[in-house]
Amino acid sequence: MTDSAKDYRSTLNLPDTPFPMRGDLPKREPGWVKTWEDKGLYKRLRDARCGAPKFVLHDGPPYANGQIHIGHAANKILKDMIVKARQLDGFDAAYIPGWDCHGLPIENQIEKTFGRGLPRDEVQAKSRAYAGEQIEQQKADFKRLGVLGEWDRPYKTMNFANEAGEIRVLKRLFERGFVYRGLKPVYWCFDCGSSLAEFEIEYADKQSPAVDVAFLAAEPDKLAAAFGLSKLDKDAFTVIWTTTPWTIPANQALNLNPELSYALVDTDRGLYMVAEALVEKCLARWKLDGKVLATTQGKNLAMLKFKHPLAHVDPGYDRESPVYLADYATAEDGTGIVHSAPAYGLDDFQSCVSHGLDFKDILNPVQGNGAYAAELPLFGGQHIWKANAVIAQALEDAGRLPAHSKITHSYPHCWRHKTPVIYRAAAQWFVRMDEGEGLFTQDKAEQTLRETALAAIEATSFYPENGKARLHDMIAGRPDWCISRQRSWGVPLPIFLHKDTGLPHPQTLDFIERAAQLVEAGGVEAWAKLDPSEWLGAEAEAYSKGSDILDVWFDSGSTFQHVLKGSHAGAAHDSGPEADLYLEGHDQHRGWFHSSLLIACALYGRAPYKGLLTHGFVVDGQGRKMSKSVGNVVAPQAVSDKMGAEILRLWTAATDYSGDLGLDEKILARVVDSYRRIRNTLRFLLANTSDFDARLDAVPAEQLLEVDRYALARAAELQTEILAHYQRYEFHPVVAKLQVYCSEDLGGFYLDVLKDRLYTSAPKSLARRSAQTALWQITHAMLRWMAPFLSFTAEEAWAIFDGGHADDSIFTETYWKFTHGGDAGLIAKWDRIHAIRDAVNKAIEDVRTTGAVGSSLQAELTLGVNAEDLALLQTLGEDLKFIFITSAATLLPAEALTITVAPSTQAKCERCWHYRADVGANAEHPTICGRCDSNLYGEGETRHIA
């Protein structure tokens with residue numbers, strides 16, 4: 001064959017790989033999910049780490065109702081990334097997914113489908129079946145996201161064993177002295193028809209009526225004496241200000257601050273008593289002129305009596321309101337006097353009870369549905385929100401309404417229904433936060449629950465750290481935990497109450513254990529079906545079987561106990577139920593984190609977690625909450641079908657989860673571009689190591705070319721940074737550094753420099769094998785770096801890489817150990833070379849735009865450099881031109897960097913495209929240069945540096 005007819009392209013070591021440029025993720029990912037499942041990958045990962053130190057991320061259970069949304073997807077992906085990162089770090093990192101199965105939304109679905117009035121056990125059975133269907137639907141979506149876990153054996157709060165475990169947790173709380181029964185105002189939602197826990201409350205603006213209500217003095221002589229007056233010439237009133245007129249029918253007292261100064265003000269309408277500091281504001285609000293007759297301290301007014309403002313309207317209100325002294329009455333707003341309806345306010349309740357009001361005498365006319373009892377005078381049967389205006393009108397007609405208006409203020413709402421709630425007194429079961437007597441105490445805790453929980457917070461790591469103050473403040477200020485709910489679908493409080501005394505049966509603890517055994521065999525339905533006479537015999541007539549269920553936060557909050565110590569004990573530390581990490585949205589400071597902390601502290605005196613990680617909510621690109629009405633909802637199923645779940649995984653990893661996570665089509669498009677850059681880099685690495693067998697071809701570290709040693713040192717340095725981020729559960733810096741590494745360290749420098757050596761050197765030459773040795777190690781490391789978030793892609797590449805691992809998984813591996821670690825001096829040297837090269841590239845590009853040169857290989861380079869850079873660049877010898885990808889490079893001493901780019905006058909080698917004087921030096925191969933001639937037919941060129 002003549003030289004002119006020879007196809008020199010075929011003599012190049014052009015890269016090849018079955019790893020496609022296009023991921024085709026939507027079509028190929030389901031196949032990977034099925035492969036993982038068919039091969040039992042999760043079990044193989046457990047086997048691969050048998051005996052290794054454990055890492056436990058305990059799953060906060062999503063609710064088993066409805067399709068997963070984008071927030072669920074981000075949450076599960078984040079958990080999966082952390083578990084996989086720990087698995088690669090050598091830990092036995094199990095992941096047991098779970099579901100929260102009891103509760104009102106499911107019960108409402110059953111009522112909606114089958115109607116009200118079903119027997120309790122039938123509601124429970126249908127709820128159980130419905131929750132099971134929802135779990136299967138959600139499970140398929142979670143698996144589609146590439147989340148690895150024990151999907152064939154998840155935990156569910158409705159598992160019989162878990163329901164029984166929860167009952168045993170309740171028993172232990174009794175034994176530790178934390179549980180009591182009492183009448184106390186608790187948050188009540190009319191839509192739920194049940195009490196709510198503190199962490200089921202959120203605050204939102206609400207417009208409320210604001211009324212000033214006058215209470216006529218029932219003892220005018222005593223009132224005069226308290227103000228140092230001989231008598232009163234007019235009717236005297238004390239005035240309260242409230243935004244809840246609906247509580248006025250239940251008024252039973254008035255509260256004044258003992259240390260405040262109160263004034264008696266003379267007006268055309270009578271004498272009015274208010275805090276002295278608020279006289280001017282009150283008169284202005286009432287549109288009255290007045291004069292202060294006298295002042296006195298609040299403590300001088302204790303136990304004075306005033307008449308209910310509607311006492312002269314209806315005999316049903318003909319009662320008196322005594323003055324009690326209380327610090328919570330202030331002169332900040334209103335009148336400095338607080339009206340007290342003890343059934344509807346915690347402070348009011350405590351004030352009235354402490355002044356001797358008996359529980360049975362507390363007025364509580366508001367029913368569970370928000371309507372007044374039918375027998376309430378004037379307002380019976382009316383819903384309280386509608387009754388507000390009616391009550392205000394009645395007060396005005398009675399001459400007891402000095403002023404009324406409307407205000408918008410922050411008000412508690414039901415977390416689920418987004419509707420306003422009230423405080424409402426009801427006999428409930430509570431977990432005590434502070435000192436006090438519990439029922440059936442056998443093993444009293446040394447500290448209060450509040451003290452223990454606050455200490456546990458101090459021993460917990462928070463990611464981000466501001467979560468610590470948030471949880472601390474919630475625990476420091478929270479009231480006792482109301483754990484009873486008046487619903488059907490949940491774990492029962494299996495207690496028999498005496499019908500006359502209301503006291504629990506003396507054998508309650510034995511019955512609780514017996515109930516746990518019953519539920520363990522037949523679920524909560526078994527308790528619902530139980531005839532009390534089977535256990536109580538003749539006593540059954542005197543006792544009622546408890547129908548309350550435990551707060552659903554008690555369900556999820558106790559899962560560490562019966563999952564990590566019970567159903568999946570092998571996935572937990574041997575030392576106990578503590579998890580290394582709990583991870584949820586930041587709203588769970590008041591939810592799952594909160595209830596789990598209280599239960600674990602009650603049981604063990606410590607938190608159930610060593611660390612707490614919180615993430616923000618998913619919002620659109622403008623920071624708006626996702627809403628169907630706005631049309632900005634992004635469904636994870638749609639993204640997986642259109643772009644691939646890998647794109648959602650990369651988006652989750654690339655987003656700083658400490659704040660809200662922005663997502664829209666533009667953001668996803670940028671993520672797709674990032675994915676393509678990473679995939680293309682990976683494809684280059686796989687292609688250029690496709691003929692490399694490390695067992696036969698690897699070059700010892702001391703024989704590697706210097707630029708290859710630098711590349712490995714830089715990769716080792718980056719790996720140290722990446723693993724440090726993984727230790728702190730930080731993913732967005734990993735993605736950012738990986739992208740920069742692919743585009744700048746590799747694509748923009750090292751791989752660019754390597755191409756000539758990889759493609760033109762003899763296939764088995766030291767020069768080429770040195771480059772491949774470095775690329776092979778970098779590929780090993782990079783696949784592991786990206787595997788936690790680009791799981792499908794890493795697994796796809798791993799099956800091709802290094803001779804094929806079709807029956808293996810990247811996740812059975814551990815992070816790569818470089819044979820040539822970080823070398824600070826070498827890195828510093830090449831970082832400077834890299835910087836000079838960037839300047840050279842810019843100069844060449846400037847010349848290219850003039851048309852004087854085409855590719856950089858057509859350029860001959862003259863560099864003027866200072867003494868330090870001259871010494872540095874001279875160490876590169878003849879390989880200097882390969883670093884700059886020019887056909888020639890000359891160094892000259894100079895005070896500052898100067899760059900001269902000139903077109904080469906030499907001939908172009910047909911094979912390597914370098915412009916060289918020795919092109920055609922061998923007459924047998926007239927179109928190629930001397931080094932290509934040597935690489936093809938001789939001993940091969942010698943490379944020293946690059």
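Across Asp555, Ile135, Val524, a single residue satisfies side chain to side chain contact (heavy atoms under 4.5 Å, CB included) together with Met158, and that is Ile135. Partner of Asp92 under the salt bridge (charged side-chain N to carboxylate O under 4.0 Å, His left out) criterion, chosen from Lys54, Arg86, Arg49: Lys54.
For Trp99 and Tyr155, the ring centers are positioned 6.0 Å apart or more. Between Tyr582 and Phe560, a ring centre-to-centre spacing not shorter than 6.0 Å is recorded. Taking the ring centroids of Trp32 and Trp798, they lie at or beyond the 6.0 Å cut-off. Note: Trp151 and Trp36 fail the aromatic proximity criterion, with ring centroids not under 6.0 Å apart. Aromatic pair His780/Trp785: ring centres not closer than 6.0 Å.
Closest approach of Val147 and Lys76 over heavy atoms only: CG2-O, 4.0 Å.
Heavy-atom neighbours of Lys628 NZ from other residues, nucleotides or ligands within 6.0 Å: at or below the threshold of 12.
Cation-pi contact between Lys84 and Phe811: present, with separation from the ring centre below 6.0 Å and deviation from the ring axis of at most 45°. Cation-pi geometry between Lys625 and Phe617 is not met at under 6.0 angstrom from the ring centre and within 45 degrees of the axis. Relative to the ring axis of Tyr130, Arg128 does not place its NZ or CZ within 45° and under 6.0 Å from the centre. For the pair Arg679 and Phe19, the distance from NZ or CZ to the six-membered ring centre is under 6.0 Å and the angle to the ring normal is within 45 degrees.
Contact of the Leu682 side chain with the Met786 side chain is registered, since non-hydrogen atoms from C-beta on lie closer than 4.5 Å. Looking only at side-chain heavy atoms (C-beta outward), Asp745 and Leu751 stay at 4.5 Å or farther from each other.
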| Candidate pair Gln637 and Asp141, rule side-chain hydrogen bond (donor to acceptor under 3.5 Å, both in side chains), full reasoning | CA-CA 7 Å; Gln637 298 85 352; Asp141 283 345; 2.9 Å; yes
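A salt bridge is defined here as a Lys NZ or Arg NE, NH1 or NH2 lying under 4.0 Å from an Asp or Glu carboxylate O, and Glu717 with Arg714 meets this definition.
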